[in-house]
S.K.: 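Input: one structure, supplied below.
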Amino acid sequence: MGDLSEFLFRGGRVFTADSAMPWAEAVLVRDGVIAAVGAAREVERLAGPGAEPVDLAGGLLTPGFVDAHAHPVQAGLERARCDLAELYGEDAYLRRIAEYAAANPGKEWVDGGGWDMSAFPGGLPHRRALDSVVPDRPAYLIQRDHHAAWVNTRALELAGIGRDTPDPVDGRIERDEDGTPSGVLHEGAMELVGPLAPRPTGEDLRAALLDAQAYLFSQGVTGWQDAIVGAYAGSDDQLPVYLEADAAGLLRARVVGALWWDRARGREQIEELADKRSRAVPGGRFHPTSVKIMQDGIPENFTAAMIDPYLDGCGCLTDRRGLSYVDPADLRGYVAALDRAGFQVHFHAIGDRAVREALDAFEAMGPSSGDLRHHIAHVQVVHPDDVPRFAALGVAANLQMLWATHHAQMDELCIPFLGDERAAWQYPFADLVAAGTRLCAGSDWPVSSADPIQAIHVAVNRTEPGGSVHASYPTAATPLLPEQRISLETALTAYTAGSAWINRDADGGSITPGKRADLAVLDRDPFTLDPADIWTTRVRATFVSGEPVHERKD
């Protein structure tokens, strides 16, 4: 494709994500802006003689996807290290780790991540297995969900972690029966080892961001919200690399940064967050205008905050209810103060108690001081009484659609410990829609795939997409709570217009005359497919501000 100022898209259908005209046949883009949308003949008459045709070849043109919850810099770093994300199983992980260690003999640490809890008995790998392939230097491998780390004996020794080391208040050191650390560090316990690993250089971070941007473009993603811009779990603050890339013109996507709320501190940090926000490049593409509050963990390690206790393996009640990382009473004041300071609040809330605590904080805040578009991400377990509160309070639900399936982690590490009643409250997408909740969507990449099509497949089917690491799991083809399916149009709108709305991007998110031409060309029209085949759709080309940034070669 040439570097022309005018493109004419035709030869397929156009999903606009614009309720005024949801469908069209052709689109004309001029100087990076959508100039015309409508019937093919009408749009073609408006095209200049030099307009470059883009043949949709029977596929679908959509707005560029906007990922409302992702961690691209971390993903880029993991892709450059010992990356386990495309593998599954202990043997496969150990082979890759051994290969990486052998190929990098000069590295002081073996680091990376992407392992899946469900690949290990009880969800827990052991330091001895890691010692077998990395006996001579510390190893620190972050779990796929980024809520735990697998470390070897050498790493524990360097950190001074032994039988007598207490658990941090916001985490847990997994232990053998005699109290010896077993090699898994949950949540805040990751901070005991992660910061000891060599820090990435500025060049490492820049390369990671640019690699992640190119990969997201290949998935049709033209903008995102980085869900943690700050120092967390051994990772350095990504703010400098975003600011530098934006100032240098290297950041081509539109990005909102969710600045990390340090849960060990209070409202005194708001002034510092405001200072970080003020550093944004005027007129740039990076806007650190959101604040991320992680209110709980995940159910697989019993840190997701639940109203009622978890069950044990025999179905009996335990005394574990998970962790509320920020005291709920303090949380109300923090949220109100952030709103007054003009920050959007972006919550991580997975358990039903965490979701309720977030909603309670928004309710206590009263009417927002501005159009800040607060949202709660993940919403895995939502008490039925809280479903209508999202719309009533004007709080958006940020869906990670890909997770709503029967897969090993769900069936073996979640449902048995939630019990049947609470398990039926998981990912209530259809109930949220019926209650009038505004939806946006994100991947949580590298926690899970950055491919929006795979996530949309799950939203429509509630089954595992073909080709995923869990596709062969016995119940992968059985829908998880099929009554919570949503339509393809609803899911696609959430991943485009909904997420652009969350990012306050008035010029993106839909194919509307006058808006910026951020577009994705799909190789087929998923609306014409059997819903079970939606996952087979691929992105053929991606445009940002009317310029091609990705073209599939095969």
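What's counted below: heavy atoms across the whole structure, side chains too, no hydrogens, waters or symmetry copies.
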S.K.: Can you name the nearest heavy-atom pair linking Glu6 to Ala47, along with the distance?
M.R.: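 Shortest heavy-atom contact: OE1-C, 3.8 Å.
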S.K.: Any side-chain heavy atom of Phe9 within less than 4.5 Å of one from Asp55?
M.R.: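 No; the side chains remain at least 4.5 Å from each other.
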S.K.: Assess the pair Tyr93 and Trp115: is the distance between their ring centroids shorter than 6.0 Å?
M.R.: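 Between Trp115 and Tyr93, which both carry aromatic rings, the centre distance is not below 6.0 Å.
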S.K.: Does Asp518 reach the side chain of Val544, with side-chain heavy atoms less than 4.5 Å apart?
M.R.: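 SC-SC contact between Asp518 and Val544 confirmed.
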S.K.: Passes side chain to side chain contact (heavy atoms under 4.5 Å, CB included), Asp505 versus Val66? Steps please.
M.R.: CA-CA 10 Å; Asp505 184 4; Val66 180; 5.8 Å; no
S.K.: Fit a plane to each ring of Phe286 and Tyr242, take the angle between them on a 0 to 90° scale, and name the class: parallel (under 30°), tilted (30 to 60°) or perpendicular (over 60°).
M.R.: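 Judged by the thresholds at 30° and 60°, the geometry between Phe286 and Tyr242 is parallel.
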S.K.: Is a donor on one side and an acceptor on the other found under 3.5 Å between the side chain of Gln400 and the backbone of Asp444?
M.R.: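 Flag not set: sc Gln400 to bb Asp444 has no pair under 3.5 Å.
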S.K.: Rounded to the nearest 0.5 Å, what's the gap from OH on Tyr100 to CG on Asp83? Could you check?
M.R.: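 It comes to 10.0 Å.
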S.K.: To the nearest 0.5 angstrom, please state how far the CG atom of Leu259 sits from the CD1 atom of Ile228.
M.R.: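 Answer for the CG-CD1 pair, Leu259 versus Ile228, is 11.5 Å.
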S.K.: Please evaluate residues Cys440 and Trp501 with respect to the criterion side chain to side chain contact (heavy atoms under 4.5 Å, CB included), reporting the C-alpha separation (whole Å), side-chain torsions for both, the decisive distance (0.1 Å), and the verdict.
M.R.: CA-CA 8 Å; Cys440 59; Trp501 183 87; over 6 Å; no
S.K.: What's the shortest heavy-atom distance between His374 and Phe343, and which atoms?
M.R.: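 Scanning both residues completely, I find the closest heavy atoms to be CE1-O, 3.4 Å.
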S.K.: Would you say the side-chain atoms of Asn461 pair up with the backbone N or O of His457, donor to acceptor, closer than 3.5 Å?
M.R.: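 Yes, the answer is positive, given that a donor and an acceptor are paired below the 3.5 Å cut-off.
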S.K.: Report the C-alpha distance between Ile453 and Phe65 in whole Å, list the side-chain angles of each, state the deciding distance to 0.1 Å, and finish with yes or no for side chain to side chain contact (heavy atoms under 4.5 Å, CB included).
M.R.: CA-CA 10 Å; Ile453 298 297; Phe65 298 107; 3.9 Å; yes
S.K.: Would you check, one step at a time, whether the test side-chain hydrogen bond (donor to acceptor under 3.5 Å, both in side chains) holds for Gln409 with Asp145?
M.R.: CA-CA 11 Å; Gln409 195 160 308; Asp145 287 355; 3.0 Å; yes
S.K.: Do NZ/NE/NH1/NH2 and the carboxylate oxygens of Asp507 and Arg254 come within less than 4.0 Å?
M.R.: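 No, Asp507 and Arg254 are not salt-bridged.
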S.K.: Do any N or O atoms from the side chain of Ser499 and from the backbone of Ala441 form a donor-acceptor pair under 3.5 angstrom?
M.R.: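 Yes, because the side chain of Ser499 sits within donor-acceptor range (under 3.5 Å) of the backbone of Ala441.
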S.K.: Work out which heavy atom in Ala24 is nearest to a heavy atom in Val37; give both atom names and the distance.
M.R.: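 In terms of heavy atoms, the two residues are closest at CB-CG1, 3.5 Å.
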S.K.: Apply side chain to side chain contact (heavy atoms under 4.5 Å, CB included) to residues Arg552 and Val539 and explain how you reach the verdict.
M.R.: CA-CA 7 Å; Arg552 202 175 77 196; Val539 172; over 6 Å; no
S.K.: Could you check if a side-chain atom of Lys107 sits within less than 4.5 angstrom of a side-chain atom of Cys82, using non-hydrogen atoms only?
M.R.: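 Contact flag for Lys107/Cys82 side chains = no.
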S.K.: Using distance alone, with no hydrogens and no angle criterion, decide if Tyr473 and Glu412 have a side-chain donor and acceptor under 3.5 Å apart.
M.R.: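 Looking only at side-chain atoms, Glu412 and Tyr473 do form a donor-acceptor pair, the distance falling under 3.5 Å.
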S.K.: Check whether any side-chain heavy atom of His147 sits under 4.5 Å from a side-chain heavy atom of Glu300, and report yes or no.
M.R.: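 Counting from C-beta outward, His147 and Glu300 never come under 4.5 Å.
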S.K.: If only atom types and distance count, is the side chain of Asn104 paired as donor or acceptor with the main-chain N or O of Val110 below 3.5 Å?
M.R.: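 Side chain of Asn104 to backbone of Val110: no pair is present.
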S.K.: Check for me whether Arg462 meets the cation-pi criterion with Tyr427, that is, NZ or CZ under 6.0 Å from the six-membered ring centre and within 45 degrees of the ring axis.
M.R.: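 Pair Arg462/Tyr427 does not count as cation-pi.
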S.K.: Under 3.5 Å, side chain of Arg285 to main-chain N/O of Arg252, donor-acceptor pair present?
M.R.: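 Present.
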S.K.: Can you find a pair of side-chain heavy atoms, one from Leu488 and one from Ile456, that are under 4.5 Å apart?
M.R.: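 In short, these two side chains touch, coming nearer than 4.5 Å.
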S.K.: Centre-to-centre under 6.0 Å for Tyr88 and His470, is that the case here?
M.R.: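 Ring centroids of Tyr88 and His470 are less than 6.0 Å from each other.
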S.K.: Nearest 0.5 angstrom please: Lys292 NZ to Asp226 CG, how far?
M.R.: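 Here the interatomic distance stands at 9.0 Å.
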S.K.: Would you give the length of the straight line joining atom CD1 of Ile34 to atom CG of Leu519, rounded to the nearest 0.5 angstrom?
M.R.: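 Rounded to the nearest 0.5 Å, the CD1-CG separation comes out at 5.5 Å.
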S.K.: Determine, step by step, whether Thr490 and Ser487 satisfy the side-chain hydrogen bond (donor to acceptor under 3.5 Å, both in side chains) criterion, reporting the C-alpha distance in whole Å, the side-chain angles of both residues, the deciding distance to 0.1 Å, and the verdict.
M.R.: CA-CA 5 Å; Thr490 299; Ser487 72; 2.8 Å; yes
S.K.: Quick one: pull up CD in Glu78 and CG in Leu141 and give me the separation to the nearest 0.5 Å.
M.R.: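 CG of Leu141 is found 9.5 Å from CD of Glu78.
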S.K.: Tell me yes or no: between the side chains of Ser290 and Gln344, is some donor less than 3.5 Å from an acceptor?
M.R.: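 The criterion, which ignores hydrogens and geometry beyond distance, is satisfied for Gln344 and Ser290.
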S.K.: Does Gln484 use its side chain to pair, donor to acceptor, with the backbone of Ala430 at less than 3.5 Å?
M.R.: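 Side chain of Gln484 to backbone of Ala430, a donor-acceptor pair under 3.5 Å: yes, one is there.
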S.K.: Of the non-hydrogen atoms in Leu28 and Leu46, which two are nearest, and what is the gap between them?
M.R.: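 So the two residues come closest at CD2-O, 3.6 Å.
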S.K.: Decide side-chain hydrogen bond (donor to acceptor under 3.5 Å, both in side chains) for Gln454 and Ser449; before the verdict, give the C-alpha distance in whole Å, the side-chain angles of both, and the deciding distance to 0.1 Å.
M.R.: CA-CA 8 Å; Gln454 307 306 299; Ser449 170; over 6 Å; no
S.K.: Measure from the side-chain N and O atoms of Glu464 to the backbone N and O of Ala476, and report whether any donor-acceptor pair falls under 3.5 Å.
M.R.: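 Checked: no pair found.
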S.K.: Is the shortest heavy-atom distance from the side chain of Gln213 to the side chain of Val549 under 4.5 Å?
M.R.: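 A side-chain contact under 4.5 Å is absent here.
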S.K.: Find out whether Pro465 and Val458 are in side-chain contact, i.e. whether some heavy atom of one side chain is under 4.5 Å from a heavy atom of the other.
M.R.: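 Yes - at least one pair of side-chain heavy atoms lies under 4.5 Å apart.
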S.K.: Tell me the closest heavy-atom pair linking Ala349 and His378, and the distance in Å.
M.R.: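 Smallest interatomic distance, heavy atoms only, reads O-CB, 3.8 Å.
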S.K.: Using atom types as modelled and distance alone, determine if a side-chain donor or acceptor of Arg144 lies under 3.5 Å from a backbone N or O of Ala85.
M.R.: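 Looks like yes, one N/O pair under 3.5 Å.
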S.K.: With a 6.0 Å cut-off on ring centres, are His71 and His69 close enough?
M.R.: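 Distance test on ring centres: under 6.0 Å, yes.
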S.K.: Counting the benzene-type ring for Trp, do Trp445 and Tyr215 have ring centres under 6.0 Å apart?
M.R.: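 Yes.
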S.K.: Given side chains that start at C-beta, do those of Asp237 and Val229 come closer than 4.5 Å, heavy atoms only?
M.R.: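 Yes; the side chains approach each other to less than 4.5 Å.
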S.K.: Looking at every non-hydrogen atom in both residues, tell me the closest pair between Asn398 and Gly442 and how far apart they are.
M.R.: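 What the structure gives for the nearest pair is OD1-N, 3.7 Å.
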S.K.: Backbone N or O of Gly89 within a donor-acceptor pair of the Asp116 side chain at under 3.5 Å?
M.R.: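 Absent.
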S.K.: Under a 4.0 Å N-O cut-off, is there an ion pair linking Asp18 with Lys515?
M.R.: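 Judged by the 4.0 Å cut-off on N to carboxylate O distance, Asp18 and Lys515 do not form a salt bridge.
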S.K.: Taking Asp523 for the side chain and Arg538 for the main chain, is one N or O donor matched with an acceptor at less than 3.5 Å?
M.R.: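 Looks like yes, one N/O pair under 3.5 Å.
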S.K.: Just say parallel, tilted or perpendicular for the rings of His375 and His346, cut-offs at 30° and 60°.
M.R.: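 Because their plane-to-plane angle lies in the 30° to 60° range, the rings of His375 and His346 count as tilted.
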S.K.: Hey, what do you get for CG (Leu399) to OG1 (Thr437), rounding to the nearest 0.5 Å?
M.R.: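 The CG atom of Leu399 sits 9.0 Å away from the OG1 atom of Thr437.
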S.K.: Considering only NZ, NE, NH1 and NH2 on the basic side and carboxylate oxygens on the acidic side, decide whether Glu203 and Arg206 come within less than 4.0 Å.
M.R.: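 Between Arg206 and Glu203 there is a salt bridge, with a charged N closer than 4.0 Å to a carboxylate O.
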S.K.: Taking 4.0 angstrom as the limit, do Arg13 and Asp525 come out as a salt bridge?
M.R.: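 Salt bridge present between Arg13 and Asp525.
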